[in-house]
Amino acid sequence: MQRNLFEAGGPQTLIDDASGRIVLTPDLVDEGTASAWFRQLYDGIAWKSGRRLMYEREVDVPRLRAHFRTDDPALPDALRQALDLVRTAFAAPFDSIGLNLYRDQHDSVAPHNDKLADIVRGQPIVLLSLGATRTMTIRAKQPPRHVLKVDLEAGSALLMSWETQLHYDHAIPKQRQPVGPRISLAFRVREAGEG
């Protein structure tokens, strides 16, 4: 089963059952603010490339990354503002922000779930999107392997409860059509000592 979600408006509950809760808020950040944050971060972050082992060989990570602890004195103003908004909207004590820059349609992230050993049990993960719209796939790990396709537009936020990481994988696949850059901000509450 595939579902494409195009509706705008208030929060949309995509999943809310024993497997966890996933909620899309399409318009958490207004267009002007989302655009300003995107530009500040795109131009102002020291983006890093990476390599990883895949199928017994080392390959480039197909996106650029950055990370900040929320108590970092060098936290960019755009991230501080986004953090205040997301903490208020989702009532969680986020202390870590992971950034991913998808430069174009060739950049992606493979199906995965967040490492639960690194995240405080019971705390959500919130992804805030800036820049071009990309589609996220959310696939159940067990049969029937339902798939949601969620268009993550600029200013949208996707909340995934801790439990969903046990039952679903999420991904941003490569796409054929040209697309501009997108920045994803991943807000998490990390276990003590985690980055």
Side-chain angles (χ1 to χ4, degrees), residues 21-53 58 60-104 107-110 112-134 136 152-165 170-172 180-195:
R21 180 173 170 82
I22 299 178
V23 178
L24 175 68
T25 304
D27 53 0
L28 183 69
V29 180
D30 67 82
E31 185 177 331
T33 301
S35 180
W37 289 351
F38 175 85
R39 187 50 48 202
Q40 288 175 38
L41 297 172
Y42 185 84
D43 293 334
I45 295 290
W47 296 102
K48 296 177 183 163
S49 59
R51 298 198 44 91
R52 63 179 292 189
L53 198 60
E58 198 171 277
D60 290 329
V61 172
R63 63 193 173 283
L64 300 179
R65 299 177 293 180
H67 178 265
F68 289 89
R69 296 288 302 181
T70 59
D71 59 359
D72 185 337
L75 189 68
D77 192 48
L79 289 183
R80 193 170 309 285
Q81 293 173 34
L83 173 65
D84 290 344
L85 177 66
V86 169
R87 277 180 172 166
T88 299
F90 299 102
F94 299 111
D95 61 7
S96 171
I97 309 171
L99 294 85
N100 285 293
L101 170 58
Y102 300 85
R103 295 161 289 189
D104 58 26
D107 279 357
S108 63
V109 63
H112 70 286
N113 60 266
D114 284 33
K115 295 176 184 163
L116 293 179
D118 299 343
I119 303 168
V120 172
R121 186 179 187 93
Q123 292 294 341
I125 300 154
V126 171
L127 306 177
L128 178 63
S129 292
L130 305 172
T133 300
R134 290 293 295 264
M136 174 179 276
L152 299 176
E153 299 175 342
S156 68
L158 186 76
L159 175 141
M160 297 182 288
S161 70
W162 187 91
E163 296 79 9
T164 60
Q165 303 306 301
H170 54 280
I172 301 287
R182 169 186 180 256
I183 296 173
S184 172
L185 308 180
F187 296 87
R188 298 179 179 93
V189 183
R190 294 286 196 174
E191 289 286 357
E194 293 298 327

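Atoms considered below: every heavy atom in the structure, side chains included; atoms not considered: hydrogens, waters and symmetry mates. One-based numbering along the sequence shown.
- Rounded to the nearest 0.5 Å, atoms CG (L41) and CH2 (W47) are 6.5 Å apart.
- H112 contributes a side-chain N or O that, together with a main-chain N or O of H170, makes up a donor-acceptor pair within less than 3.5 Å.
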request  = Start with the C-alpha distance between D77 and L79, add both sets of side-chain angles, then the distance that settles side chain to side chain contact (heavy atoms under 4.5 Å, CB included), and finish with yes or no.
outcome  = CA-CA 5 Å; D77 192 48; L79 289 183; over 6 Å; no
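- Of all non-hydrogen atoms in G180 and A132, the two that sit nearest each other are O-CB, 3.3 Å.
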message = Could you walk me through whether N100 and V109 satisfy the side chain to side chain contact (heavy atoms under 4.5 Å, CB included) test, starting with their C-alpha distance in whole Å, then the side-chain angles of each, then the deciding distance to 0.1 Å, before giving a yes or no?
response = CA-CA 9 Å; N100 285 293; V109 63; over 6 Å; no
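- Remark: the backbone N or O of S161 is paired with a side-chain donor or acceptor of T164 at under 3.5 angstrom.
- Side chains of R188 and D118 form no contact here, defined as non-hydrogen atoms less than 4.5 Å apart.
- Side-chain atoms of D107 come within 3.5 Å of backbone N or O of R103 as a donor-acceptor pair.
- Across every non-hydrogen atom of A78 and W37, the tightest pair is CB-CD1, 3.7 Å.
- In this structure, A186 and L127 approach most closely via the heavy-atom pair CB-CD2, 3.5 Å.
- Separating the OG atom in S108 from the CD1 atom in I172 is a distance of 9.0 Å, to the nearest 0.5 Å.
- Counting heavy atoms from C-beta on, the side chains of Q123 and W162 never come closer than 4.5 Å.
- Using modelled atom types, one finds a donor on one side chain and an acceptor on the other under 3.5 Å when comparing R182 with S129.
- The shortest side-chain heavy-atom distance between L185 and L130 falls under the 4.5 Å cut-off.
- Atoms CD1 and CZ, from I97 and F68 in turn, are 8.0 Å apart once rounded to the nearest 0.5 Å.
- With contacts defined as side-chain heavy-atom distances shorter than 4.5 Å, the pair L101/I45 does not qualify.
- Here CE of M136 is found 9.5 Å from OG of S156. Values are rounded to the nearest 0.5 Å.
- With rounding to the nearest 0.5 angstrom, the CG atom of L158 is 6.0 Å from the CG atom of L152.
- Residues in residues 35-48 take part in these salt bridge (charged side-chain N to carboxylate O under 4.0 Å, His left out) pairs, two or more places apart or across chains: R39-D43.
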Hey, can you pull the donor-acceptor pairs under 3.5 Å for the side chains in residues 82-94, sequence neighbours left out?
{"from": "R87", "atom 1": "NE", "to": "F94", "atom 2": "O", "distance (Å)": "3.1"}
{"from": "R87", "atom 1": "NH2", "to": "T70", "atom 2": "OG1", "distance (Å)": "3.3"}
{"from": "R87", "atom 1": "NH2", "to": "F94", "atom 2": "O", "distance (Å)": "2.5"}
{"from": "T88", "atom 1": "OG1", "to": "D84", "atom 2": "O", "distance (Å)": "2.9"}

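- Of all heavy-atom pairs between D72 and A74, the closest is OD1-N, 2.7 Å.
- Using a 4.5 Å cut-off on side-chain heavy atoms (C-beta onward), D95 and V120 make no contact.
- A donor-acceptor pair is defined here as one N or O able to donate and one able to accept, closer than 3.5 Å; no such pair exists between the side chain of R69 and the backbone of S96.
- Pairing each heavy atom of A110 with each of A171, the nearest pair is C-CB, 3.8 Å.
- Between the CG atom in L99 and the CZ atom in R65 there is a gap of 11.5 Å [rounded to 0.5 Å].
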